[in-house]
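The structure under discussion appears below in the form of structure tokens.
Lettering follows sequence order; numbering is per chain, from 1.
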Number of protein chains: 2
Amino acid sequence: MQSETIENYLKTIYHLSGGNGTIVNNKQLADKLNVIPATVTEAVKKLHDLKFVIYEKSYGTRLTALGSKTALSIVRRHRIWETYLANELGFGWDEVHEIAEELEHIKNDKLIRKLSEKLGNPSFDPHGDPIPDEKGKIQKSNFIKLSEAKVKYNCKIMGVTDHSTAFLKYLEKHELIIGASISIKIIEEFDNSIVLVCQKKEVSISPKAAESIIVEAL
Amino acid sequence: MQSETIENYLKTIYHLSGGNGTIVNNKQLADKLNVIPATVTEAVKKLHDLKFVIYEKSYGTRLTALGSKTALSIVRRHRIWETYLANELGFGWDEVHEIAEELEHIKNDKLIRKLSEKLGNPSFDPHGDPIPDEKGKIQKSNFIKLSEAKVKYNCKIMGVTDHSTAFLKYLEKHELIIGASISIKIIEEFDNSIVLVCQKKEVSISPKAAESIIVEAL
DNA sequence: TTATTATTTTTGGTTAGCCAAAAACATTAT
DNA sequence: ATAATGTTTTTGGCTAACCAAAAATAATAA
Ligand SMILES: [Mn+2]
Ligand SMILES: [Mn+2]
Ligand SMILES: [Mn+2]
Ligand SMILES: [Mn+2]
């Protein structure tokens, strides 16, 4: 079985490559995993030997089919746990990521299946991220970034791409939570800030924040 | 924070010493932890340096107050998870131990508190073992081994001391589950086997099995 | 008490994961 | 094209956990 370290590498490569097989470089991995690039060099060599990635010296690393499948199963475990912690145990969406970061490494298929069933086999986690199914298939959506929405659009908040506590707390304060309906009132010409209505209240959102909010245009 | 290895040592020392501060020797630990005695020697030296145990060379090891407190919190996590897996996710009592063996190492007090609350702060796990509270206090009971029960006793099954799948499956087959009411019909003179009635059916139990069943005499 | 057996410790060695510093490559700017 | 900068690799070294084999202790049997 893979170690926790290997699993964290695979998951990180998966995320950095944006889900498709894009090449990832050592610096990016080193930054995300809080190790120095020399450590990454060693690690990706090993992952290559284990057939999880193709590592081309001084160039970069990409997942093989095996690596991709493995990464997806870790992502699945992570997001099932996040959903479980939020929906069944009442944790806030800003708290679940950290705990899931540990729980994701428990390798027991039956456990994940039972959790998933209890949750009604959800396709999205509390941040709106898709949960791969047992085969690794991800339900794809036609969601857009809030920053791409136009004036007068009516949208539903489906997720966030920034998982920081600060950001999530900020959203909560304005009741900008998953599932909330919003309508775009104004997009300021000079700075692209967005004025929208949510729960009958007007809120102004910076373009930076709008970049991190995922919505479905209705 | 303590590593998983250290936690497993502490928990094992706790169990081998029977909960009180009895001295444990290297051979016992080596057997339980599936390592060789030389490895244990190194480990207990380290645990001593960390103030978790008192290790006396060539003699044995016992938990300090700190070690005991730490061990108790691991036991608590283990048993809360076991209860959760059994009661909320529908795992069999023969399946929960193995999974809890991993889950017990997730150190998040809030998580354990939430799980415990959801379960109604139980005092006993699916095997009838007591769950220490946050302070490490164990609710003590006046349970006896079934092998100590006398003829005509009416009892309630409260736990088991053998957690093997084989044994638990055997009990299930005879509907000898936690909470079941039984009455002792006969205790055979020549081999101490016990004939009892459970769910209106007569069952004969070997003295070895009776040693591993914990009951409350009513 | 001496011999035998069991347990414990010491010593030397391994592997996984990490870092620091220096050297080798690549990329970008001038 | 050359210099400056950024990235990657190499080399040497570290710690936590493990094992094997040999030496030292302790416990038990003769
Ligand atoms: Mn992780
Ligand atoms: Mn998520
Ligand atoms: Mn464990
Ligand atoms: Mn138990």
Which residues pass the salt bridge (Lys or Arg N to Asp or Glu O under 4.0 Å) test with A/K208, not counting sequence neighbours? none
Grab the [atom1]-[atom2] distance between [X] and [N] for me, whole Å please.
X	N	atom1	atom2	answer
B/L50	D/dA17	CG	C1'	14 Å
B/E4	D/dC18	CD	C1'	15 Å
A/L47	C/dA16	CG	C1'	13 Å
B/M1	D/dA16	CE	C1'	17 Å
B/E7	D/dA16	CD	C1'	15 Å
B/I36	C/dT14	CD1	P	15 Å

Hits for ring-ring contact (aromatic ring centres under 6.0 Å, His included) against A/Y170, two or more places apart or cross-chain, chain-then-number order -> A/H174
Applying ring-ring contact (aromatic ring centres under 6.0 Å, His included) to A/F91 and not counting sequence neighbours gives none
Using distance only, find each side-chain donor-acceptor pair of residues 127-135 of chain B under 3.5 Å and give its atom names and separation, not counting sequence neighbours.
from: B/H127; atom 1: ND1; to: B/E82; atom 2: OE1; distance (Å): 3.0
from: B/H127; atom 1: NE2; to: B/W93; atom 2: O; distance (Å): 2.9
from: B/D129; atom 1: OD2; to: B/H163; atom 2: NE2; distance (Å): 3.2
from: B/D133; atom 1: OD1; to: B/K135; atom 2: N; distance (Å): 2.8
from: B/D133; atom 1: OD1; to: B/G136; atom 2: N; distance (Å): 3.0
from: B/D133; atom 1: OD1; to: B/K137; atom 2: N; distance (Å): 2.9

Heavy atoms under 4.0 Å, any strand shown: does A/N34 hit a base, just sugar-phosphate, or nothing? sugar-phosphate
Is the phosphate of C/dT15 approached by A/K46 (side-chain N or O, under 4.0 Å from OP1 or OP2)? no
Quick one: is C/dA16 close enough that its OP1 or OP2 comes under 4.0 Å of any side-chain N or O from A/T5? no
Using the salt bridge (Lys or Arg N to Asp or Glu O under 4.0 Å) rule, collect all pairs that involve residues 87-99 of chain A, keeping only residues at least two apart or in two chains. A/E88-B/K118, A/D94-A/K169, A/E95-B/K110
What does the list of N/O pairs under 3.5 Å between the protein and nucleotides 8-11 of chain D look like, with a distance for each?
from: D/dT8; atom 1: OP1; to: A/N26; atom 2: N; distance (Å): 3.3
from: D/dT8; atom 1: OP2; to: A/K27; atom 2: N; distance (Å): 2.7
from: D/dT8; atom 1: O3'; to: A/S58; atom 2: N; distance (Å): 3.4
from: D/dT9; atom 1: OP1; to: A/Y55; atom 2: OH; distance (Å): 2.4
from: D/dT9; atom 1: OP1; to: A/S58; atom 2: N; distance (Å): 2.5
from: D/dT9; atom 1: OP2; to: A/N26; atom 2: ND2; distance (Å): 2.5
from: D/dT9; atom 1: OP2; to: A/T41; atom 2: OG1; distance (Å): 3.1
from: D/dT10; atom 1: OP1; to: A/K57; atom 2: NZ; distance (Å): 3.1
from: D/dT10; atom 1: OP2; to: A/K45; atom 2: NZ; distance (Å): 2.7

For A/R62 and A/V53: C-alpha separation, side-chain torsions, deciding distance, then whether side-chain contact (heavy atoms from CB on, under 4.5 Å) applies. CA-CA 5 Å; A/R62 62 180 196 282; A/V53 306; over 6 Å; no
